[in-house]
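Structure, as structure tokens:
Order of appearance sets the numbers: ligands from 1, and atoms from 1 within every ligand.
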Amino acid sequence: MDKNWWKQAVFYHIYPKSFQDSDGDGIGDIRGIISRLDYFTALGIDAVWLSPIYRSPMVDGGYDISDYRDIDPLFGTLDDFRELLKQAHNKGIRIMMDLVMNHTSDRHPWFMESRSSVDNPKRDWYIWHAGHNGKVPNNWRTNFFERAWHRDEVTGHFYYHSFFKEQPDLNWRNEDMKRAFFEIFRFWLDMGVDGFRLDVVNLIVKDGLLRNNPITLNHSKIYNRNQPETYDILREFRILLNEYPGTTSVGEIYVFPCGNPKLAASFLGNGDDMLHMAFDFSLIFCTWNARKYFRAIQSYYKALPPAGQPCFFISNHDAGRSLSRFGRVRHTHEKAKLLTVMLLTLKGTPFIYYGDELGMTNARISRKQIRDPYGKKIWPIYRGGRDRGRTPMQWNDSESGGFTSGEPWLSLHRDFRKVNVENEIADEYSVWNTCRKMIELRKTLPSLQLGNIEFVETGHNGILAYTRTFDDQQVWIALNFSSRKQNLSRFSQNCQLLFSTRPKIVDTGKNLLYPFEAVVFTKEAALMPLSSSGIMKNPPI
Ligand code: GLC
């Protein structure tokens, strides 16, 4: 087995409640995922990351776990999960679990014990403080913009929670807790899971003195995250994973807003001794602008240690769908294809959020329909909240889009009769087929999987262009973010078109890159000379 498979793999992120229901209760489940394994094979997916499916009161969509060693009945049973592992592995698909290290549910037995008295042996497994004359210990706020300390009636002390009060933060400075938590990793590794996505992993350790955060305009959060001790824990985590060859990990480095490539990269250590990969959020905050993408991508590459593996995502269950971020939803189909080509040709491991391969957009959700408590809280600043990017998968144009035979837990996007798997498979130039063909191309070309990347200065602000080079194979990628045609004639000689998001053949002198078109081609000529800055001296476009 190649223990570095994850460097070449294409990952697919599922929000399990919304992927496929198998029993008609309107909620996606494990058996539903099993029934769709051939879908991953058809698309070319190598590994699936599942948002949490553990036992949970579901205050925060499963990110509030009350039993880390069991599956929530909403999704099935442990046996269903074992069956998923077995069947997925038989088809060569790996399964990555989502593990929440930062906090548990307040219904977790550890917390129930911890809250029961000040001298309970598990008291120190969470972050407790008596407060200052009845007042909160410090000025820390939650990521949901509220006071982060909750006074517990049992002992009258405060506990700290980075998210909802039903999600008390664990104390990673406590060795017993740490050991117990590492046994949870082992439990799933022994069962055969292929890795973990670690939820908000940069938040797990807090300042030992619980110092106040400085009060600045952007509420700079210094003391309740990004503590140096986190790196030691991740080193231990990597040692554990190394005992299970072929497993991998990706950490969510939560920085809101904007992302922080340097911080994300720091959690890879020397590239071999902490996380395998780290999610930086910068691309999530890019507007539709080739330069902005260039800068965000370039800063991330620059920040990585030489052995560090980059990874990219453009949508997720919190941030919603990439296509809905660019103001008025116009040319969505073409933009979705361009982004798909970008994600699948950048150097690094791509993570596709379910439904993005169809060009799904955020749904309109009325206040009444919102299920996510955060969405309810923040209405109307953030209309629809996180639910708008969590709507059920659109399989076909039947009632409920083939997602369920019952009433879906959240309404489908109203475009599902048009934007769905069945329709898109039949259309050669759909987003789905763009995704499938690009994955296929990526698999046949070592340059797209492993090659170096160099950005090309094209002279056009609207074009993002780069090469991927491996041995003597070089592939060029040009993404036209602009709504204008761009001339490609300077580059038409000796080039062979490998892929275009439009039906055309580039073989004449009048080559044009159409609005929002993305193309991939090879140059048969020798490698173009590079300047010392790494930018091509004579860009072909
Ligand atoms: C992560 C998850 C998000 C959750 C939060 C708290 O950011 O992606 O959905 O609400 O952590 O666990």
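Polar contact check, Tyr254 against ligand 1: no nitrogen or oxygen pair lies under 3.5 Å apart.
Of all the atoms in ligand 1, the ones that sit under 4.0 Å from a non-hydrogen atom of Val200 are 1 (C), 7 (O), 11 (O). Within ligand 1, the atoms closer than 4.0 Å to a non-hydrogen atom of Arg386 are 3 (C), 4 (C), 9 (O), 10 (O), numbered from 1 in the order shown. Contact atoms of ligand 1 toward His103: 6 (C), 12 (O) (distance under 4.0 Å to a heavy atom of the residue). The atoms of ligand 1 that sit less than 4.0 Å from any heavy atom of His317 are 2 (C), 3 (C), 8 (O), 9 (O). Every atom of ligand 1 is numbered from 1 in the order shown, and the set under 4.0 Å from a heavy atom of Asp60 is 4 (C), 5 (C), 6 (C), 10 (O), 12 (O).
Residue contacts with ligand 1: Met101 is excluded, as none of its non-hydrogen atoms falls under 4.0 Å. In this structure, Arg390 is part of the shell of residues with a heavy atom less than 4.0 angstrom from ligand 1.
With a 4.5 Å cut-off on side-chain heavy atoms, Thr287 and Arg325 do not count as touching.
Using a distance-only test at 3.5 Å, with no hydrogens or angles considered, a donor-acceptor pair links the side chain of Gln167 to the main chain of Tyr63. Between the side chain of Asp80 and the backbone N or O of Thr77 there is at least one donor-acceptor pair closer than 3.5 Å.
Under 4.0 angstrom from ligand 1, there are no non-hydrogen atoms of His161.
Residue Lys376 places its NZ atom among more than 12 non-hydrogen atoms of other residues, nucleotides or ligands, all under 6.0 Å distant.
A search for salt bridge (charged side-chain N to carboxylate O under 4.0 Å, His left out) contacts involving Arg386 returns Asp60, Asp318, Asp372, not counting sequence neighbours.
Using a cut-off of 4.0 Å between Lys/Arg side-chain N and Asp/Glu carboxylate O, Asp356 and Arg321 are scored as salt-bridged.
With rounding to the nearest 0.5 angstrom, the CE atom of Met112 is 12.5 Å from the NZ atom of Lys122.
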